[in-house]
Amino acid sequence: MTLNTSFLRHVFLYKCLFALTFGDHLSLSVEDELFMSVSNNFPEDDSNQKITSLPLQYTKSHQPSWVVIQNTTESLSLSEIKRNDAKKLIALLSNFRQGSRLQNLTLANVSVEWNDLMEIFQTVWHSSVEYFNTYNVTQLSNVESYDFDYSGTSMKALTMKKMIITDMYFTQDDLYKIFADMNIEDMTIADSEMIHMLCPSYKSPFRYLNFLKNELTDFLFQKCDNLLQLETLILQKNKFESLRKVSFMTSRMKSLKYLDMSSNLLRHDGADVQCQWAESLTELDLSSNQLVDAVFECLPVNIKKLSLQNNQISNVPRGVAELKSLEELNLASNRLADLPGCSGFTSLQFLNVEMNSILTPSADFFQSCPRVRELQAGHNPFKCSCELQAFIRLERRSGGKLFGWPAAYACEYPEGLRGTELKDFHLSLLACNTTLLLVTALLLTLLLVAAVAFVCIYLDVPWYVRMTWQWTQTKRRAWHNPPGDLGAVLQFHAFISYSERDSLWVKNELIPNLEKGEGCVQLCQHERNFIPGKSIVENIINCIEKSYKSIFVLSPNFVQSEWCHYELYFAHHKLFSENSNSLILILLEPIPPYLIPARYHKLKALMAKRTYMEWPKERSKRTLFWANLRAAININLPKADENFHEERD
């Protein structure tokens, strides 16, 4: 019945709009056809004879001004009914007595006196009409008391939209009692600025009441015991403020199942205020109000479908509401920061949390809500981070329970990922697992430290660091010492570096052949030229810097000597720092490559790139050897000679 009424409303409204545009072009012949059609539909009895005998033609002075929108055997729609047409309309409607086929009547754009309006309603009430619809009805005179007779009616549903009461001062009972006591199942009074409605005077048959878009307040139906059969109550777009008073209003409606309180001004601040709802209530719409988290303290315990869309709810308190029968919950367009749990909603099957403030939804939702078959969580400002990965995996495990996936689920943060669908957002397991990341970083650090330590040991880096430190310290002391103490004046032709095991050859062969004879060569030898009191390293550096050349006597013993390595290092450092050709290599004995330690890579490089002199075993070749060696060392040292003679003196 409700569906039929809704369908007829749409059809009739469309027809009314059509009539307002083209109604002036309809001719009187349409009205004639209306009367002929109506008379032909009655059975052959006394009533039919009376209708047939009615005058079907009007003179110009008695023509009604209304427009026929629809005329069938079951439906009649009239528009533009003026004050002068009221009596004619009543006369017409009085012919559709019970038993006729007319069931649907629509009157649009009606402007009549109050008593005439009531007479029209009274006439329809005793006709065959079952569904009576009025649109844009204006009452022109004062509202007065009217003794309405409700007996013997076929009426099932009454719809009134945009009913305008022009009388500013009237007794409420004269107006509201007429409609409150109507003995029909469905009544709609919408968009009529109605501020109140009386409780029926007796046990009302109302099952459906729709007071959409009026001015009703919390005083409606308070302590009303006569709406025991009411199942559907629509109070959308009114001015209700107290959720508690709304609950008390329903507590006496023992059959109420559906209540629509959307788009009002409802609040509920809690404060231990008890609410009392009808136990039969299973569907409640509280969307588009001003409700906060405390609303969960004032809800019907047997509710199955609940809409709290477009409110100011930021959290669903745990343990506050025990709605064990709740199956559908709509929390869209609120301020939720996470998915609510199901501790108080053990039967929940459908949840809508779209358009909230959820950045990272909980991934254990379906575990805590095992009965949920559909979750609508799209159009939230998702933050694409590691925490969201678990929720994305949830979609794969849920088996299609996420409504709107993937189009409605996109990244909002960070800026670089805005608009990216969650299905296309991926991060590695390593990037999202802190423990695994720390363990991996620790292992990599240990491996790096081990690798660096191995390289350092293999290349003897600690030794070079130590030598560099010694060199730096010596240079620093030389910088701070008085001039002449460790000056860079050349005093020797050559510094001799050799292993102690090769000292016999140096003392018996090298020194005698260079320091004696023509072209005397001044050699710096550690045994006679190192200054007592100074460190060995400092003496080595001092001798190398005061010598024009550095002679290295190479042999297997040389590469086994730690001090020889120091001397080679410092001499090689001077070679690169001063860019001089100051190294002379004498290979006393062949050195197998495998005997040269890894840290002697400089020696390997020198032997590979520089020409070295080999000590000949044949005596006949030694004269040439000494001549070549002298030629390599030959240099005049005037300052060295002067200093040397001064020291001798």
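We number each residue from 1, following the sequence as shown. For the numbers below, each heavy atom of this structure counts, side chains included, while hydrogens, waters and symmetry mates do not.
Ionic pairing of Arg207 and Glu231 is present here: one or more N-O contacts between side-chain nitrogen and carboxylate oxygen are shorter than 4.0 angstrom. No salt bridge links Lys324 with Glu322; every basic N to acidic carboxylate O contact stays at or beyond 4.0 Å.
For the salt bridge (charged side-chain N to carboxylate O under 4.0 Å, His left out) test, no residue two or more places apart in sequence or in another chain qualifies with Glu279. For Val372, the side-chain contact (heavy atoms from CB on, under 4.5 Å) partners are Cys342, Leu348, Phe365, Phe366, Cys369, not counting sequence neighbours. Taking Phe148 as the reference, Trp125, Tyr150 meet the ring-ring contact (aromatic ring centres under 6.0 Å, His included) condition, with sequence neighbours excluded. For Lys423, the salt bridge (charged side-chain N to carboxylate O under 4.0 Å, His left out) criterion is met by Glu421, not counting sequence neighbours. Checked against salt bridge (charged side-chain N to carboxylate O under 4.0 Å, His left out), Lys245 has no partners two or more places apart in sequence or in another chain. Not counting sequence neighbours, the partners of Met197 by the side-chain contact (heavy atoms from CB on, under 4.5 Å) test are Tyr176, Phe179, Ala180, Ile189, Met194, Phe211, Leu220, Phe221.
Here the CD1-CG distance, from Ile81 to Asn109, works out to 8.5 Å after rounding to the nearest 0.5 Å. Expressed to the nearest 0.5 Å, how far CG of Leu388 lies from SG of Cys411 amounts to 6.5 Å.
A side chain to side chain donor-acceptor pair (under 3.5 Å) check over residues 357-369, counting only residues at least two apart or in different chains, returns the pairs Asp338-Ser362. Residue pairs that meet the salt bridge (Lys or Arg N to Asp or Glu O under 4.0 Å) test with at least one member in residues 366-377, sequence neighbours left out, do not exist here. Pairs passing the salt bridge (Lys or Arg N to Asp or Glu O under 4.0 Å) check and including a residue from residues 408-420, sequence neighbours excluded, read Glu412-Arg418, Glu415-Arg418. Residue pairs satisfying the salt bridge (Lys or Arg N to Asp or Glu O under 4.0 Å) criterion with at least one member in residues 106-127, sequence neighbours excluded, are listed as follows: Arg83-Glu113, Lys87-Asp116. Pairs passing the disulfide bond (SG atoms under 2.5 Å apart) check and including a residue from residues 170-218, sequence neighbours excluded, read Cys199-Cys224. Residue pairs meeting the salt bridge (Lys or Arg N to Asp or Glu O under 4.0 Å) criterion with at least one partner in residues 212-228, sequence neighbours excluded, are Glu215-Lys239, Asp225-Arg252.
Using a distance-only test at 3.5 Å, with no hydrogens or angles considered, no donor-acceptor pair links the side chain of Asn71 to the main chain of Val68.
Atom CD of Gln98 sits in a crowded spot, with more than 12 heavy atoms from other residues, nucleotides or ligands closer than 6.0 Å.
When the options Asn289, Leu286, Val246, Leu243 are evaluated for a side chain to side chain contact (heavy atoms under 4.5 Å, CB included) with His268, the one that passes is Leu243.
Between Phe132 and Phe121, a ring centre-to-centre spacing shorter than 6.0 Å is recorded.
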